[in-house]
Amino acid sequence: MIKWEMIDIGLIQLESNAFLNQISLVSKEQNTAIKETETFKCNFEMFIDYPNKIYNFASWLKEQNILFRFIDWNLRGIAQVMFVNNSFSGIIILAGLIMQNPWWALNGIVGTIVSTLSAVLLGQNRSQIATGLHGYNGNLVGLLLAVFSNKGDWYWWLLLPVFVMSVVCPLLSSALASVMEKWDLPVFTLPFNIAVWMYLAATRHNIYLTQNFIQPINPSPNYTWSELNVPMLLRAIPVGVGQVYGCNNPWAGGIFLVALVIASPIICLHAVIGSSLGILAGLSLDSPFQKIYDGLWSCNSVLGCIAVGGMFYALTWQTHLLAILCAIFCAYLGEALMNAISVIGLPVCTWPFCLSTIIFLLMTSNNRAIYKLPLIKVTCPEENRKFYKDMRKHEQPE
């Protein structure tokens, strides 16, 4: 009996060990599955949360020393040309500028830094400096002075006028803001336009700072529609976006669009719409095809469409149509000004955008869906729309 009992006990122990091994194997498999699930969830959450991390980049920089914050201000200044308050987008746009021309990019960087630093020394509003609003005009001044110079790349004497005219930008911005604030309007790129005109008109016959002269446009030859190159028209869409910075490289324009979609998909959408409408406006007036391919019909339309399409108006389908109308108006006004001003040898720069957008923002309407935001509430189109919807929710019914 004792032997049989010992055999039974041995069998029971073997069965229990086998059962425990099965349990351990199952538990290991379950743990592996749980770990894989948690890893997937973690990666998925990181992907979903990626835009928030980009926006939190600014909060991180604010906690760093003054050097990091100054870099952040300048990157935002580069991006603010397109109404984007995002330093990460500024890095991407800077990469596009370097791809186009490193010398132009260097002049743009110098202009942005000098303009921002001048605003600090002049005691301008610190929050405006921190969001890049005192850097973008200097950036455009540096870029366009390099674009219009016929001395070629790496003509180091050009940095002197870039420095001087960039110092002038915050002075002009402050002076114009004191006037524009009466109508609750921003200064846009008016300081850039004034500074560039001052420089080009003053240095026309200077042997050290010679420039490419703007000549009156000759009557265009008779084109036939069979000569129209559709792929070149499609290529002109990113080129038109790039021409906001004076760039004619479609890859640079494509990089700018990537920077815009990261910061605000609505801004990116209206940039593409504005560029496309500029192309259509050029075709409607039988403009030389090469001028359309070079994006010269689109750059002002891009800015006008962004400004009205959700930036300074809350985005509704009514203001979206208004943005389309503004883009077309910008294109036609740009052509009119170009034909008139080329007689005195000056470029139109972004005057068409500034004048057109000011007209559209000064417009009055009894339609509650056409709501112009107070300037102090303007952030980005997505946040502007949230503010508008919250305001409408809390309105008391009449």
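Remember, it's a predicted structure, so these values are computed and weren't measured experimentally.
Considering CD1 of I109 and CG of N139, their distance stands at 8.5 Å, rounded to 0.5 Å. Atoms CG and CH2, on L144 and W104 in that order, are 9.0 Å from each other to the nearest 0.5 Å.
Side-chain N or O atoms of S287 include none that pairs as donor or acceptor with a backbone N or O of G282 at under 3.5 Å. Judged by distance alone, with hydrogens and angles left aside, the side-chain atoms of S174 form no donor-acceptor pair with the main-chain N or O of P170 at under 3.5 Å. Although no hydrogens or angles enter the test, the distance criterion places a donor-acceptor pair under 3.5 Å between the side chain of N384 and the main chain of M311. With hydrogens and angles ignored, the 3.5 Å screen pairs no side-chain donor or acceptor of S149 with any backbone N or O of L145.
Taking 4.5 Å as the limit, some side-chain heavy atom of E335 sits within range of a side-chain heavy atom of W297. In this structure, the side chains of F68 and D72 stay at 4.5 Å or more apart for every pair of heavy atoms. Taking 4.5 Å as the limit, every side-chain heavy atom of L375 sits out of range of all side-chain heavy atoms of L185. Taking the side chain as every heavy atom from C-beta outward, W351 and T189 never approach each other to under 4.5 Å. At least one side-chain heavy atom of N107 sits less than 4.5 Å from a side-chain heavy atom of L159. Considering only heavy atoms from C-beta on, H270 comes within 4.5 Å of L315 through its side chain. No side-chain heavy atom of V110 sits under 4.5 Å from any side-chain heavy atom of S166. Residues M338 and K291 are in side-chain contact: their nearest non-hydrogen atoms beyond the backbone lie under 4.5 Å apart.
When only modelled atom types and interatomic distance are considered, N85 and T131 share no side-chain donor-acceptor pair under 3.5 Å. Using modelled atom types, one finds no donor on one side chain facing an acceptor on the other under 3.5 Å when comparing T316 with Y388. A donor and an acceptor atom, one from each side chain of S298 and S301, are nowhere located under 3.5 Å apart. A side-chain donor from one of Q100 and N248 sits under 3.5 Å from a side-chain acceptor of the other. A donor-acceptor contact closer than 3.5 angstrom links the side chains of T350 and N193. At a cut-off of 3.5 Å, with distance as the only test, no side-chain donor of N367 or S365 sits close to an acceptor on the other residue.
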Exercise for the section: For Y136 and F188, run ring-ring contact (aromatic ring centres under 6.0 Å, His included): C-alpha distance rounded to whole Å, both residues' side-chain angles, the deciding distance at 0.1 Å, then the answer. Expected result: CA-CA 10 Å; Y136 69 93; F188 295 119; 9.2 Å; no
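Cluster membership check: V302 shares its hydrophobic cluster with I273, using side-chain heavy-atom separations under 4.5 Å among Ile, Leu, Val, Met, Phe, Trp and Tyr.
Classification of K386 and D390 as a salt-bridged pair fails, no side-chain N sitting under 4.0 Å from a carboxylate O.
Using bins of under 30°, 30° to 60° and over 60° for the plane-to-plane angle, the ring pair W156/W103 lands in the perpendicular bin. Between F70 and W73, the ring-plane angle classifies as perpendicular under the 30° and 60° cut-offs.
The shortest heavy-atom contact between N300 and C349 is ND2-O, 3.4 Å. Between A271 and L260, the shortest heavy-atom contact is CB-CD1, 3.8 Å. Across all non-hydrogen atoms, the minimal contact from Q124 to I129 is O-CD1, 3.7 Å. The heavy-atom pair separating A79 from N86 by the smallest distance is CB-O, 3.7 Å. When every heavy atom of I267 is checked against every heavy atom of P381, the shortest pair comes out as CG1-CG, 3.6 Å.
Other residues, nucleotides and ligands place no more than 12 heavy atoms under 6.0 Å from the CD1 atom of I376.
Between Y371 and Y313, the distance from one ring center to the other does not fall under 6.0 angstrom.
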